[in-house]
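Input: a single structure, listed below in structure tokens.
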Amino acid sequence: MQLIQQTADLSAYLAADEVIDHHHPMVREAAARLAAEAADSYEYARAAFEFVRDAIPHSQDSGDLRVTWRASDVLARRTGICHAKSHALAALLRAEDIPAALCYQRLTDDRGGHAVHGLVAVRFRGAWHRQDPRGNKPGVDARFSLDGERLAWIPDPAAGERDYPLLYAAPHPLVLAALRAADDRPHLSRTLPDRL
């Protein structure tokens, strides 16, 4: 699948905003800690990915009912669903001047319907590479890779699943609206969009 930038201006994928708040001290401190142990930007990106994937539990897997959506809150509270964790990873990447985009999949959910799943794309070697920081569990083995995708799931078109090729500089408005309005994670699971 060919990934398509929503905007041609690459600087949009380095910008800070209310959600991807990489200017926040919490994000800057985490980025500095990870960068101190990395020899180059590739090692930093891999370390940031593994930190978000492994050190911040996916709230559905852990049973945490809190909803986070701002990158600094995800880092402070150490919880989030796929979208929130993607916001945190994008912020950590952008904090070190690595272009990062938000991207999405439509997947079957636990109730037999569909839900939009959040990912990150990172730009290296003149190309975008999708990464899935949601967190591993039995049956899920996502890894940082620039040589072929190692995502949590591969969509099954026969089940109505799909990859969305558009790369967003900011969270999709439907996803962000659901995150902001949710009282708790069960409420969020009922209100997240099932398609973009």
Side-chain angles (χ1 to χ4, degrees), residues 16-31 33-34 45-95 100 102-122 130-144 150-153 155 161 168 170-196:
D17 60 25
E18 182 185 14
V19 179
I20 304 172
D21 58 343
H22 62 76
H23 56 278
H24 191 281
M26 178 74 64
V27 179
R28 301 300 308 170
E29 289 168 20
R33 191 172 56 254
L34 293 165
R46 183 180 45 75
F49 168 84
E50 290 174 355
F51 170 73
V52 173
R53 182 194 65 188
D54 300 341
I56 300 171
H58 188 283
S59 58
Q60 184 173 348
D61 295 349
S62 68
D64 194 323
L65 299 181
R66 295 175 295 169
V67 174
T68 54
W69 51 269
R70 183 179 289 118
S72 57
D73 290 339
V74 174
L75 296 177
R77 296 180 184 177
R78 297 293 174 123
T79 189
I81 66 163
C82 59
H83 301 289
K85 292 181 68 162
S86 292
H87 300 165
L89 178 56
L92 289 171
L93 293 169
R94 292 181 186 186
L102 300 169
C103 45
Y104 302 93
Q105 295 175 316
R106 182 180 195 242
L107 300 172
T108 304
D109 66 16
D110 296 336
R111 298 179 312 276
H114 291 90
V116 174
H117 175 59
L119 308 165
V120 172
V122 60
R130 292 190 306 167
Q131 314 296 327
D132 192 342
R134 70 131 353 250
N136 289 338
K137 63 180 185 174
V140 175
D141 185 27
R143 297 181 183 270
F144 186 83
R150 296 290 305 271
L151 305 177
W153 293 284
E161 299 179 339
Y168 295 86
H172 192 284
L174 294 175
V175 171
L176 185 56
L179 287 164
R180 284 182 168 168
D183 296 325
D184 56 25
R185 191 176 37 77
H187 177 225
L188 178 62
S189 69
R190 294 188 304 270
T191 58
L192 272 174
D194 65 358
R195 68 181 69 236
L196 297 181

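The figures that follow rest on heavy atoms only: side chains count, while hydrogens, waters and symmetry mates do not. Residue numbers run from 1 in the order of the sequence given. As the structure is a computational prediction, the values presented were derived from the model and not from experiment.
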Please answer whether the main-chain N or O of [Y] pairs with a side-chain N or O of [X] as donor and acceptor at a distance below 3.5 Å.
X	Y	value
Asp132	Leu119	no
Lys85	Gly80	no
Arg70	Glu18	yes
Tyr104	His172	yes
Arg77	Arg66	no
Arg28	Ala95	yes
His83	Val116	yes

For [X] and [Y], work out which heavy atoms get closest and say how close.
X	Y	result
Ala142	Ala152	CB-N, 3.8 Å
Gly135	Val140	O-CG1, 3.9 Å
Leu151	Gln105	CD1-NE2, 3.9 Å
Ala76	Met26	CB-CE, 3.7 Å
Ser86	Leu102	O-CD2, 3.9 Å
Asp110	Gln60	OD2-NE2, 2.7 Å

Look up atom [atom1] in [X] and atom [atom2] in [Y], then write down how far apart they are to the nearest 0.5 Å.
X	Y	atom1	atom2	value
Ser72	His23	OG	NE2	7.5 Å
Asp184	Ser59	CG	OG	10.5 Å
His22	Asp17	NE2	CG	8.0 Å
Asp21	Arg94	CG	CZ	11.0 Å
Ser189	Arg111	OG	CZ	5.0 Å
Phe51	Ile56	CZ	CD1	4.5 Å

State plainly whether the residues [X] and [Y] are in salt-bridge range, i.e. N to O under 4.0 Å.
X	Y	result
Asp141	Arg150	yes
Glu50	Arg46	yes
Asp61	Arg134	yes

- Query: So which of Thr68, Thr79, Ile81 actually passes side chain to side chain contact (heavy atoms under 4.5 Å, CB included) with Val74?
  - Reply: Thr68

- When Ile20, Val120, Leu34 are each screened for side chain to side chain contact (heavy atoms under 4.5 Å, CB included) with Leu92, the one that passes is Leu34

- Task: Quick one: sort the Phe144 and Phe49 rings into parallel, tilted or perpendicular, breaks at 30° and 60°.
- Result: tilted

- Parallel, tilted or perpendicular: which fits the ring planes of His117 and Trp153, with parallel below 30° and perpendicular above 60°? perpendicular

Would you mind reporting whether [Y] and [X] have side-chain heavy atoms less than 4.5 Å apart?
X	Y	answer
Arg78	Asp64	no
Leu75	Glu29	no
His58	Cys82	yes

- Message: As a quick check of understanding, evaluate side chain to side chain contact (heavy atoms under 4.5 Å, CB included) for Leu179 and His87, giving each step before the final call.
- Response: CA-CA 12 Å; Leu179 287 164; His87 300 165; 3.8 Å; yes

